[in-house]
**Student:** 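Can you read through this structure? Questions will come right after.
Please read these numbers as outputs of a predicted model, since none were measured by experiment. Here, residue 1 is the first one in the sequence, and each next residue gets the next number.
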Amino acid sequence: MADDLTAVARFLYEAGTLKQARRTGWWMAGVRDPESVAEHSWRTSLIASVIAKLEGADPARAAFLAVWHDSQETRTGDVNHLGKKYAEGADPEAVTADQTKGMPELLASTIRELVAEYEAKESAETLCARDADKLECLLQGIEYKAQGYQNAQRWIDNSRARLTTETANRLADELLGMDSLDWLRTAMGEEPTS
């Protein structure tokens, strides 16, 4: 490969900072040590592939969109909805252009186009990825509530209200109708609580 991969290598280190970057909105719900942006992005990507497959969209593309949806937060941090009220939001496309500067053009243009597609909110895969983002927040809220963080209900309700695809809405109903450990009970051959 003739292209210099120095900028790509730097970005891989940069991307690793998302493993330490906390999702700050949960602090308002009293969660002392919320999940990282990287943890959120991983499950969002998984959920996006599920929603897309069931919606007849491309699951790989939806997961690809979802895995990059918060990549700009290496530079901006996780600005929660209250913070966005007071701070002018950074343009994800501009941040991505800066992040990919110096990368081989084939890679840089792919990432820039991917982020632009996510921000445009038009493709079926983008709608699935965006619903996955909300559904992951709802799911995390359910888990935090099960841990005793009753204020997480606000995030559950807000996420639920913003879902658009039929599959995401149906999955939300299923998630809300079961205990967060029903999966374990079922795997152990026990009766679920719901």
Side-chain angles (χ1 to χ4, degrees), residues 1-28 31 33-49 51-52 57-140 155 158-159 162-165 168:
M1 175 180 284
D3 291 320
D4 181 10
L5 296 181
T6 303
V8 176
R10 285 187 188 120
F11 178 76
L12 295 177
Y13 278 117
E14 179 179 339
T17 66
L18 294 178
K19 295 192 312 185
Q20 287 80 42
R22 299 289 153 204
R23 303 242 310 145
T24 63
W26 292 115
W27 289 331
M28 287 178 245
V31 179
D33 188 26
E35 85 276 15
S36 71
V37 173
E39 291 166 321
H40 162 73
S41 294
W42 175 80
R43 188 159 63 174
T44 298
S45 298
L46 185 72
I47 294 168
S49 68
I51 293 172
D58 180 351
R61 183 74 180 176
F64 194 30
L65 287 157
V67 80
W68 287 91
H69 87 283
D70 281 339
S71 60
Q72 304 80 23
E73 292 182 11
T74 61
R75 306 256 172 125
T76 65
D78 178 54
V79 180
N80 60 58
H81 287 290
L82 179 60
K84 288 177 184 176
K85 179 179 176 183
Y86 301 100
E88 186 175 325
D91 175 21
E93 293 178 64
V95 174
T96 300
D98 196 40
Q99 287 175 312
T100 58
K101 198 176 296 173
M103 289 184 184
E105 187 53 30
L106 174 66
L107 177 61
S109 63
T110 298
I111 297 168
R112 288 191 309 265
E113 290 165 10
L114 193 69
V115 170
E117 180 181 345
Y118 186 84
E119 294 304 318
K121 306 174 190 171
E122 293 174 355
S123 71
E125 290 76 15
T126 297
L127 298 178
C128 294
R130 288 182 160 278
D131 265 7
D133 184 33
K134 295 170 193 76
L135 194 60
E136 200 288 326
C137 187
L138 178 144
L139 182 52
Q140 187 65 63
W155 282 258
N158 286 342
S159 297
R162 296 169 60 206
L163 297 173
T164 60
T165 63

**Student:** Among L135, D133, L138, exactly one meets side-chain contact (heavy atoms from CB on, under 4.5 Å) together with I47. Which residue is that?
**Tutor:**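 Exactly one candidate clears the test, L135.
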**Student:** Testing E14, Q72, R10, R75 one by one against Q99 for a side chain to side chain donor-acceptor pair (under 3.5 Å), which residue passes?
**Tutor:** E14
**Student:** Using modelled atom types only, decide if a donor and an acceptor are shared between the side chain of K134 and the backbone of R130 within a distance under 3.5 Å.
**Tutor:**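 Yes, because the side chain of K134 sits within donor-acceptor range (under 3.5 Å) of the backbone of R130.
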**Student:** Could you check whether the rings of W68 and F11 sit parallel, tilted or perpendicular, using 30° and 60° as the cut-offs?
**Tutor:** parallel
**Student:** Does the side chain of E105 come within less than 4.5 Å of R112's, by heavy atoms?
**Tutor:**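 They are in side-chain contact.
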**Student:** If we ignore hydrogens and angles and just use 3.5 Å, is the side chain of D131 paired with the main-chain N or O of T165 as donor and acceptor?
**Tutor:** yes
**Student:** Does a donor on one side chain sit under 3.5 Å from an acceptor on the other, for Q140 and H40?
**Tutor:** no
**Student:** Check each of R22, K19, R23 against E39 using the salt bridge (charged side-chain N to carboxylate O under 4.0 Å, His left out) test, and report the only one that passes.
**Tutor:**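 Among R22, K19, R23, the one meeting salt bridge (charged side-chain N to carboxylate O under 4.0 Å, His left out) with E39 is R22.
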**Student:** Just so I know, are the side chains of W26 and C137 near enough to count as touching, which here means a heavy-atom distance under 4.5 Å?
**Tutor:**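 In contact.
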**Student:** Spell out, as yes or no, whether a donor-acceptor pair under 3.5 Å connects the side chain of T126 to the backbone of E117.
**Tutor:** yes
**Student:** Ion pair present between R43 and E35, side-chain N to carboxylate O less than 4.0 angstrom?
**Tutor:** no
**Student:** Keeping the roles fixed (side chain from D78, backbone from T24), state whether a donor-acceptor pair exists under 3.5 Å.
**Tutor:** yes
